[in-house]
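See below for the structure under consideration.
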Amino acid sequence: MAKPTDPDPRATLRGGLPDRYLTPDDIAEMFEVPLETVYQWRKKRTGPPGFRIGKHLRYDPADIRAYVSGCKDADRNAA
């Protein structure tokens, strides 16, 4: 859970990209979904693309931005 002094994790998507790869916890916090949802997205291949570093799942911030942009475009085209 974010501390009051921590920046809003969604600011990552609005502002500049962080200088590190994101964890599943970061993704869950950014999208305000349970951590299990992030793992289900990965399993079903419906969410943002991630990759493994050994046993650790990580997400490239650039891929997250592209995923969000794609979701926005799909919503606009569906309307």
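Just so you know, these numbers come straight off a predicted model, no measurement behind them. These numbers come from the heavy atoms of this one structure, side chains and all, not from hydrogens, waters or symmetry mates. Along the sequence shown, residues are numbered consecutively beginning with 1.
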query = Do the two ring centres, one from Phe51 and one from Tyr21, sit under 6.0 Å apart?
reply = yes
query = How far does CD of Glu29 sit from OG1 of Thr23, to the nearest 0.5 angstrom?
reply =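 Between Glu29 CD and Thr23 OG1, I get 9.0 Å after rounding to 0.5 Å.
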task = Mind checking the CG-CZ spacing from Asp63 to Arg58? Nearest 0.5 Å is all I need.
result = 14.5 Å
ask   = Is Arg52 atom CZ crowded by more than 12 heavy atoms from other residues, nucleotides or ligands, each under 6.0 Å away?
value =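 More than 12 within 6.0 Å, yes.
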For residues 33-43, run the donor-acceptor check on the side chains, cut-off 3.5 Å, and write out each pair with its distance to 0.1 Å, sequence neighbours left out.
{"unit_1": "Glu36", "atom_1": "OE2", "unit_2": "Gln40", "atom_2": "NE2", "d": "3.1"}
{"unit_1": "Arg42", "atom_1": "NH1", "unit_2": "Gly50", "atom_2": "O", "d": "2.9"}

Side-chain donor-acceptor pairs of residues 67-74 under 3.5 Å, sequence neighbours excluded:
{"unit_1": "Tyr67", "atom_1": "OH", "unit_2": "Thr46", "atom_2": "O", "d": "3.4"}
{"unit_1": "Ser69", "atom_1": "OG", "unit_2": "Arg65", "atom_2": "O", "d": "3.1"}
{"unit_1": "Asp73", "atom_1": "OD1", "unit_2": "Arg76", "atom_2": "NH1", "d": "2.9"}

ask   = Is there side-chain contact between Pro24 and Tyr59, with heavy atoms separated by less than 4.5 Å?
value =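 Touching, per the 4.5 Å side-chain cut-off.
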